[in-house]
Amino acid sequence: MTVFTTACPRNCYSTCSMRVTVEAGRVTAIDPHEGNRATPEGSCLKGLGYLERVYHPDRILHPLRRVREGVFERISWDAALALIADELQKARAKHGPQSVLYYSASGTKGLLNACGSAFWRAFGGFTSTYGDLCWPAGLEATRLTLGENVHNAPWDLANARLIVMWGKNAAETNLHQMRFVDQALERGAQCIVIDPRRTQTAERAHLLVQPRPGTDGALALGLAHLIIEAGHTDSAFIAAHVHGFEAFAELVLPWTPERTAKVTGVPEAQIQRLAQAMGTLRPMTISAGFGMQRYTNAGQTMRAMLALLAITGNFGKPGAGWVYANLSTQVFGHIKDPLDFYPPTEPDGVARISISTARLGADMLAQQDPPLAFAWVERGNPLSQNPDTAKVREAFRKLDFRVVVDERLTDTAREADVILPSKSLFEQSDIIGAYWHAYLQLRQKVIDPPGEVKPETEIYWELGKRLGLSEGDLRGFLPEPGDASVEAWLQGRLDPLGITLGQLREGPVLAPGTPEVAFSDLRFPTPSERIELWSDEAVQRWKVAALADYREPIEGLSGGKYPLQLLTPNTKNTIHSQFLHLHVIQQFEPGPFLFIGLEDAEARGLQQGHFARVFNERGEVRLPVRIDFGLRPGVVVAFNGFGTEVGGSVNLLSLGRETDMGYGAAFHDNGVEVERAR
Ligand SMILES: Nc1nc2c(c(=O)[nH]1)N[C@H]1C(S)=C(S)[C@@H](COP(=O)(O)OP(=O)(O)OC[C@H]3O[C@@H](n4cnc5c(=O)[nH]c(N)nc54)[C@H](O)[C@@H]3O)O[C@H]1N2
Ligand SMILES: Nc1nc2c(c(=O)[nH]1)N[C@H]1C(S)=C(S)[C@@H](COP(=O)(O)OP(=O)(O)OC[C@H]3O[C@@H](n4cnc5c(=O)[nH]c(N)nc54)[C@H](O)[C@@H]3O)O[C@H]1N2
Ligand SMILES: [Mo]
């Protein structure tokens with residue numbers, strides 16, 4: 001029996017450290033690792049579910065070739081790689097290397113992920129994607145305002161006297177944060193939750209504010225109006241550290257409680273109470289989730305929210321600040337800066353075309369010069385997770401050839417010509433960072449891959465040879481197959497930081513230079529070296545106003561044919577489309593539902609247990625109805641992640657539409673109608 005230190009590599013705030021027990025080559029237990037101050041309780045149900053997931057009978061253990069729709073047969077690695085190499089050479093010869101789309105998303109984290117794009121560069125170029133499905137509008141709003149994306153240590157939240165969980169459902173998506181919320185509450189802090197849904201997080205709140213979706217920018221401007229009017233601003237802080245306050249104060253002047261209430265649907269008395277709390281309780285932390293940045297007006301919304309902290313002087317102190325994304329662990333160069341999501345403007349050695357992640361389907365179809373012929377998908381499930389599923393499917397079906405690397409037959413894998421089996425978190429070592437705490441961690445290899453599974457780096461090594469690259473060429477960007485060379489490669493990345501793999505084998509290590517309190521020197525790396533309420537860069541880069549003005553989200557608010565706003569948030573027992581096939585998960589997450597308020601249900605003759613047809617001009621899904629007494633009227637909810645096996649992705653209904661900044665996806669800006677399914 002051996003116990004290893006490792007970490008969960010899913011795209012999740014918590015990024016838990018774990019101790020994993022291996023007996024006779026099999027993982028038999030997953031326990032907490034006390035060395036991580038942010039996640040001492042250890043894994044959630046999903047993390048414990050790896051005991052089932054890694055050995056699940058549905059796991060793909062060898063290459064598969066499509067025979068006809070929905071039917072795959074086992075083939076050898078030799079046959080699979082020969083076929084793929086042949087198709088790649090055909091595509092390159094006929095249309096050039098940019099006829100190959102390389103699509104990867106957030107299925108797993110790790111430094112070795114970068115080997116994918118390095119391989120496709122060595123191939124001669126490729127079509128890549130820019131933007132991101134997840135968080136870029138908020139990242140960009142934060143960068144424009146504060147200069148960079150860092151925040152106080154997770155445990156510092158216990159020092160706050162006011163915690164505003166704004167569009168963040170930590171009790172489900174960052175459950176370790178709730179311990180620090182509780183510690184603050186025990187010390188007498190107030191907690192306010194702002195969310196159109198009554199979430200599990202709201203159970204901890206002194207006040208739940210339920211705005212109409214996509215109107216948080218207006219709410220923030222209305223709150224700023226009251227805080228300024230009451231004289232609750234921190235004028236010394238503003239004079240020294242805030243750029244553009246006078247203009248901002250003018251912008252919020254017309255945002256009276258009356259007007260704010262009308263736009264946001266939040267009662268005036270609640271707006272007053274919220275402003276009073278924000279103006280008088282210090283220190284205040286706003287923990288901003290990703291919910292309200294999935295709208296067309298998202299970036300400006302986040303900038304308006306940030307302004308509330310700036311005018312009350314809530315930066316650079318314990319218990320104060322903006323908790324959105326902490327990129328302190330991005331010390332290896334990539335994604336340190338949201339600018340990395342931008343389409344490439346400079347020539348980068350290989351001619352490269354880049355298309356929008358948010359508009360993936362439409363952009364794939366539109367690409368002409370050269371047209372796309374081949375797609376390689378790894379760590380992503382675009383037929384379930386990207387907007388406008390029907391377009392994405394159409395675009396994939398139009399290609400000559402598709403390869404998907406995954407551990408399961410996902411909606412995307414079902415479209416593939418060849419499916420290659422992917423590793424699990426226990427089967428190759430890698431180094432991972434995080435975006436809530438600042439620990440660097442070794443996701444350690446603890447067992448051999450089962451069946452014929454090969455890690456992506458080995459797949460690229462073998463494929464590269466078949467495409468005529470020498471081992472010398474390949475060594476330039478890939479570790480050689482084998483554990484020793486992977487470890488040497490990882491140690492090489494750690495060397496500049498003065499950290500050893502040996503240290504990481506013992507437990508998580510804080511990234512060098514991580515502050516306990518962000519911006520404690522009150523230096524903000526913006527053009528004005530202050531917090532920018534006024535941003536010239538916002539105007540130049542994104543063609544938005546220099547101040548965080550409010551624009552209505554595009555769909556849903558206006559009534560019309562599709563008067564309900566469909567929110568499709570993340571939920572406790574899945575990470576997007578992952579984990580849903582596990583028995584242990586299905587006991588708690590039996591399937592997708594349409595959550596609808598009583599009034600909206602009654603108006604449509606719907607009752608709990610009925611099947612609903614949820615539709616708009618883009619598509620429809622059929623879902624069993626759950627009456628939700630905690631929802632604001634006019635809002636319906638269905639969690640994302642479920643696929644065709646259970647009625648179809650909710651993204652059949654969403655439009656591929658970018659956010660106002662950062663090239664994010666405006667998933668929740670989505671009007672629908674609901675009726676009883678026949
Ligand atoms: N409607 C709607 N859609 C959404 C969202 C929403 O709020 N509403 N949220 C968006 C957000 S925030 C995100 S981050 C995206 C997530 O979008 P994706 O990253 O595409 O989704 P996942 O389901 O997490 O993972 C994709 C696949 O990666 C595979 N995978 C896991 N580990 C590995 C590995 O080591 N190698 C390989 N090759 N594959 C692996 C998994 O099996 C899974 O099939 O979804 C977005 N989609
Ligand atoms: N269990 C679990 N944990 C996860 C994930 C997961 O899939 N499952 N995914 C991980 C990833 S990739 C991400 S991006 C994060 C996301 O973590 P969160 O930001 O917490 O989750 P979201 O579902 O994006 O949105 C949070 C809340 O925003 C609310 N919301 C939607 N529209 C609005 C609005 O207009 N205004 C306001 N105020 N609120 C609104 C939703 O109702 C939701 O409760 O979670 C990470 N952690
Ligand atoms: Mo995400």
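Numbering starts at 1 and runs along the sequence shown. In each ligand, atom 1 is the first atom listed, and ligand 1 is the first ligand listed.
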Report, in ascending order of atom number, the atoms of ligand 1 lying under 4.0 Å from any heavy atom of I575. 23 (O), 24 (O)

Would you say E172 and ligand 2 have an N/O pair spaced under 3.5 Å apart? yes

So if I apply the side-chain contact (heavy atoms from CB on, under 4.5 Å) rule between P569 and each of T199, N169, V637, which one comes out positive? V637

Answer yes or no: does an N/O atom from T108 fall short of 3.5 Å to an N/O atom of ligand 1? no

Among D411, L652, T412, D388, which one satisfies side-chain contact (heavy atoms from CB on, under 4.5 Å) with R393? L652

Below the 3.5 angstrom mark, is there an N/O of P213, backbone or side chain, next to an N/O of ligand 2? no

Closest heavy-atom pair, Y324 versus A288, reported as atoms and distance to 0.1 Å, is CD1-O, 3.3 Å

Using modelled atom types and a 3.5 Å cut-off, is there a donor and acceptor pairing between side-chain atoms of S356 and backbone atoms of A358? yes

Are H176 and T39 close enough that a side-chain donor and a side-chain acceptor fall under 3.5 Å? no

Among the heavy atoms of R212, does any lie under 4.0 Å from an atom of ligand 2? no

Side chain or backbone, does Y295 bring an N or O within less than 3.5 Å of an N or O on ligand 2? yes

Contact check: K423 vs ligand 1, nitrogen or oxygen atoms, below 3.5 angstrom: yes

Do you know the tightest heavy-atom contact between L653 and V614? CD2-O, 3.6 Å

Which atoms of ligand 1 have any heavy atom of R294 under 4.0 Å away? 7 (O), 12 (S)

Quick one: does R443's side chain have a donor or acceptor within less than 3.5 Å of a partner on G110's backbone? no

Non-hydrogen side-chain atoms of V486 and Q428 separated by less than 4.5 Å: yes

For ligand 1, which atoms have a heavy atom of C134 less than 4.0 angstrom away? 12 (S), 14 (S)

My understanding is that we take every heavy atom of each candidate and find the minimum distance to atom 26 (C) of ligand 2. Doing that for G289, C12, G167, which one comes out nearest? G167

Quick one: does ligand 2 sit under 4.0 Å from the side chain of N169, the backbone, both or neither, non-hydrogen atoms only? both

The one among N570, N573, T574 that brings a heavy atom closest to atom 2 (C) of ligand 2: T574

Nearest protein heavy atom to atom 7 (O) of ligand 2, by residue and atom, and its distance? H576 N, 3.2 Å

Short N or O distance, T173 and ligand 2, threshold 3.5 Å exclusive: yes

Counting only N and O atoms by type, is there a donor-acceptor contact under 3.5 Å from the side chain of R59 to the main-chain atoms of R53? no

Taking distance alone, with N or O pairs closer than 3.5 Å, would you say Y103 contacts ligand 1? no

Measuring from the heavy atoms of F639, does anything fall under 4.0 Å of ligand 2? no

Heavy-atom contacts with S577 under 4.0 Å: which atoms of ligand 1 show up? List them by number with element. 22 (P), 23 (O)

Give a yes or no on whether the backbone of K445 and the side-chain of S429 come within a donor-acceptor separation of less than 3.5 Å. yes

Is there a nitrogen or oxygen of H668 sitting under 3.5 Å from a nitrogen or oxygen of ligand 1? no

Look only at the side chain of T574 and the backbone of F579, and say whether a donor-acceptor pair between them is shorter than 3.5 Å. no

Those atoms of ligand 1 less than 4.0 Å from some heavy atom in R379: 19 (O), 26 (C), 27 (C), 28 (O), 36 (N), 37 (C), 38 (N), 39 (N), 40 (C)

Does W166 come within less than 4.0 Å of ligand 2, judged by its heavy atoms? yes

N/O of Q385 under 3.5 Å from N/O of ligand 1, yes or no? yes

Between the candidates D195, T15, T571, which shows the shortest non-hydrogen contact distance to atom 42 (O) of ligand 2? D195

Report the distance from atom CG of L566 to atom CZ of F667, rounding to the nearest 0.5 Å. 12.0 Å

Taking only non-hydrogen atoms of N11 and a 4.0 Å limit, the atoms of ligand 1 in range are 14 (S)

Considering the heavy atoms of A105, write down every atom of ligand 1 situated less than 4.0 Å from one of them. 18 (P), 19 (O), 20 (O)

Determine the minimum heavy-atom distance between G380 and A105, stating which atoms define it. CA-CB, 3.8 Å

For ligand 1, is there an N or O atom under 3.5 Å from any N or O atom of T410? no

I'd like to know whether E555 forms a salt bridge (Lys or Arg N to Asp or Glu O under 4.0 Å) with R618, so could you lay out the CA-CA distance, the side-chain angles of the two residues, the decisive distance to 0.1 Å, and finally the verdict. CA-CA 13 Å; E555 288 191 23; R618 293 180 283 275; 3.0 Å; yes

Which bit of V637 gets closer than 4.0 Å to ligand 2, counting heavy atoms only: side chain, backbone, both or neither? neither

With heavy-atom distances below 4.0 Å as the criterion, list the atoms of ligand 2 near D216. 34 (C), 35 (O), 36 (N), 37 (C), 38 (N)

Is W135 touching ligand 2 with its side chain, its backbone, both, or neither, if touching means heavy atoms under 4.0 Å apart? neither

If you measure from each heavy atom of E456 to ligand 1, is any distance below 4.0 Å? yes

Which ligand 2 atoms, with their elements, are less than 4.0 angstrom from a heavy-atom of G214? 34 (C), 35 (O)

Using ring-ring contact (aromatic ring centres under 6.0 Å, His included) as the criterion, point out the one residue from Y460, W461, Y102 that pairs with F119. Y460

Note: ligand 1 atoms sitting under 4.0 Å from heavy atoms of R10 are 31 (C), 32 (N)

Does any donor atom in the side chain of N640 or N570 lie under 3.5 Å from an acceptor atom in the other side chain? yes

Is it the case that ligand 1 has an N or O less than 3.5 angstrom from some N or O of N386? no

When you compare ligand 1 with V405, is there at least one nitrogen or oxygen pair between them that comes in under 3.5 angstrom? yes

